[in-house]
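Remarks on the structure that follows.
The basis for the numbers below is simple: all heavy atoms, side chains too, and nothing from hydrogens, waters or symmetry mates. Keep in mind that what you see is a predicted model, and the values were worked out from it rather than measured. Convention: sequence-line order gives letters A, B, ...; per-chain numbering from 1.
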Number of protein chains: 2
Amino acid sequence: MQALDTLDKAGYRRGGARRAVVELLGRQNCCLSAQEIFDGLRKARRPVGIASVYRALDALVDLRLVKRVDAGDGIARFEPMSADGEHHHHLVCRDCGKVEAFSDPRLERAIDRVAGGLGYSVDEHEVVLTGACADCA
Amino acid sequence: MQALDTLDKAGYRRGGARRAVVELLGRQNCCLSAQEIFDGLRKARRPVGIASVYRALDALVDLRLVKRVDAGDGIARFEPMSADGEHHHHLVCRDCGKVEAFSDPRLERAIDRVAGGLGYSVDEHEVVLTGACADCA
DNA sequence: GTTCCTGCAAAATTTTTGCATCAGT
DNA sequence: ACTGATGCAAAAATTTTGCAGGAAC
C-alpha cells in the first residue's frame, strides 16, 4: 500500500495499531468517525486502543494521507486521500445527519482557480453542503 | 435588528441572554467560537452563562440566522448569516490556525449549480481551504 | 400567574496525555 | 538494547442537561 510506504519514509515503524488504522481506512470510500474506526477494528478482530486510533489519525492527517471532514455535528470524520486523485465532497442531511459523497469536476476547477489567488499556499479543501435529503424532505 | 424580529416570530421572548448573543454576533463579520462569544460578552459588561450561549447558538442555527463553521481544529465557530446576502467562505492556516474570510462569485455559482442536481434540498454550504498563510509559508 | 428563559453546577461526549509495558529495528 | 508504539486509565476540553430561581408576556 502507498500509504504504508509514506509512513516508512516519515520514520514511522510498521506493524501494530497505526497499520491497522491505515488499512481499515484504505478500504473505505467515505468518511468514518474515530469511534467507527475503533468499532470497525474490534469487529475485524484487530482491536486497537481508542487513543492509538486518535494518534494514528493525527499522524496521517499531518502527512496528508488522510483528510479530516467536519460535517457540522461535532464529530470529526476521517477518510483516505485517495492516491488516484479521486476527489469528492460531502452532503449532510440536516434532519437525519446522514453524510454522503458527491463530486463535480467544474466545482473542483472553480476552487482551484480561487485558491490560486489568495496569497495562501492552499493544499487541501473541503466543501460541505447542508440540506434535507430525499427521504427527509 | 432583523434577527430579533425573526426570533420574535419564532416565539422566542426578548431580552436577556439570547438577545445579547444575537447583538454581539451581529457586530461581527467573521466567525467566533462559543468561548470567544462568552468572553466578548463578559468584556462588554453583559455576562451571560456559557450554557445560555450554547442554547442561543443552537436556536439561531436552527433558524438559519447563524451559520456554524468548522475550521478543522475541533472548535465550532459561529457567524451571522448576513441579511444582505453577503456570503463568504474560510481560509485556514495549517500552521498558526488563523481563520480568514474570502469570497468569490464564480465559486458561488459553481456551488449553486452543483447543489441543484443532487436530490437534496440544499439550503446552506461552506467551503474551507486549508494551507499555509503568507506569514507561515 | 403562567410559561419560557437563565445561570449554575453536574454530566456527557469527544479528544488528549501520562505512564508502564511491549514491539520493531 | 534502544527507541518508538501501544493500551489503559486519567485528564482535559467542549458541549449538553437538570433544576431552581427569575423574567417576559
Side-chain angles (χ1 to χ4, degrees), chain A residues 3-25 31-42 44-63 65-66 68-78 97 99, chain B residues 3-25 31-42 44-63 65-66 68-78 97 99:
Chain A
L4 290 173
D5 293 346
T6 308
L7 284 168
D8 275 353
K9 277 176 210 144
Y12 291 104
R13 293 178 176 177
R14 287 204 174 222
R18 188 156 36 226
R19 174 174 209 134
V21 171
V22 170
E23 290 178 346
L24 177 69
L25 273 177
C31 49
L32 294 180
S33 67
Q35 190 64 51
E36 286 168 339
I37 294 168
F38 176 82
D39 292 344
L41 290 171
R42 208 157 48 100
R45 301 289 188 74
R46 181 56 188 91
V48 161
I50 188 77
S52 299
V53 172
Y54 278 107
R55 281 187 280 234
L57 290 171
D58 214 44
L60 293 164
V61 168
D62 271 6
L63 292 170
L65 294 171
V66 162
R68 174 184 168 130
V69 175
D70 289 292
D73 58 359
I75 298 174
R77 284 158 222 264
F78 301 87
V99 178
Chain B
L4 290 172
D5 293 345
T6 307
L7 283 168
D8 276 353
K9 279 177 208 142
Y12 290 104
R13 290 178 179 177
R14 284 201 177 226
R18 187 157 37 225
R19 173 176 209 130
V21 171
V22 170
E23 290 177 348
L24 176 68
L25 273 177
C31 48
L32 294 180
S33 67
Q35 190 63 50
E36 286 168 341
I37 294 168
F38 176 83
D39 293 343
L41 289 171
R42 209 157 48 102
R45 301 287 188 77
R46 179 59 187 88
V48 161
I50 188 77
S52 297
V53 172
Y54 278 107
R55 281 187 281 235
L57 290 171
D58 214 44
L60 293 165
V61 168
D62 270 5
L63 293 170
L65 295 171
V66 162
R68 175 185 167 127
V69 175
D70 289 292
D73 59 358
I75 298 173
R77 284 156 221 263
F78 300 87
V99 177

*OP1 or OP2 of D:dT16 less than 4.0 angstrom from a side-chain nitrogen or oxygen of B:Y54, does that happen here?*
no

*Calculate the interatomic distance between A:R42 atom CZ and D:dC8 atom P; express it in whole Å.*
11 Å

*side chain to side chain contact (heavy atoms under 4.5 Å, CB included) between A:R18 and A:V48, worked out*: CA-CA 9 Å; A:R18 188 156 36 226; A:V48 161; over 6 Å; no

*Could you give the CD-to-C1' distance, from A:E36 to C:dT14, as a whole number of Å?*
14 Å

*Sugar-phosphate only, base, or nothing, as touched by B:A51 at under 4.0 Å among non-hydrogen atoms*: base

*Can you list the steps and then say if B:L7 with B:L65 is a side chain to side chain contact (heavy atoms under 4.5 Å, CB included)?*
CA-CA 9 Å; B:L7 283 168; B:L65 295 171; 4.3 Å; yes

_pair A:V99-A:V69: side-chain heavy atoms closer than 4.5 Å_ = no

*asked:* For A:D8, is there any backbone N or O sitting under 3.5 Å from a side-chain donor or acceptor partner on A:R13?
replied: no

*asked:* Please report the distance, rounded to the nearest Å, between CZ in B:R77 and P in D:dT14.
replied: 11 Å

*Under 4.0 Å between a Lys/Arg side-chain N and an Asp/Glu carboxylate O for A:D58 and A:R68?*
no

*Sugar-phosphate, base or nothing in reach of B:R55, heavy atoms under 4.0 Å*: base

*Hey, which of these two, B:R19 or A:A76, hits DNA chain C nearer its 5' end, going by closest nucleotide?*
B:R19

*asked:* Nearest whole Å is fine: how far is D:dT17 P from B:I50 CD1?
replied: 15 Å

_What is the separation between atom CZ on B:R18 and atom P on D:dG22, rounded to the nearest whole Å?_
20 Å

*Interatomic distance, B:L32 CG vs D:dT15 P [rounded to whole Å]*: 13 Å

*Once you round it to whole Å, what is the distance between P of C:dT6 and CD1 of B:I37?*
15 Å

*Within the modelled atom types, does a donor on one side and an acceptor on the other bring the side chain of A:R13 and the base of D:dT3 under 3.5 Å apart?*
yes

*Sugar-phosphate, base or nothing in reach of A:I75, heavy atoms under 4.0 Å*: sugar-phosphate

*Can you tell me the distance, in whole Å, between the CG atom of A:D8 and the P atom of C:dG24?*
13 Å

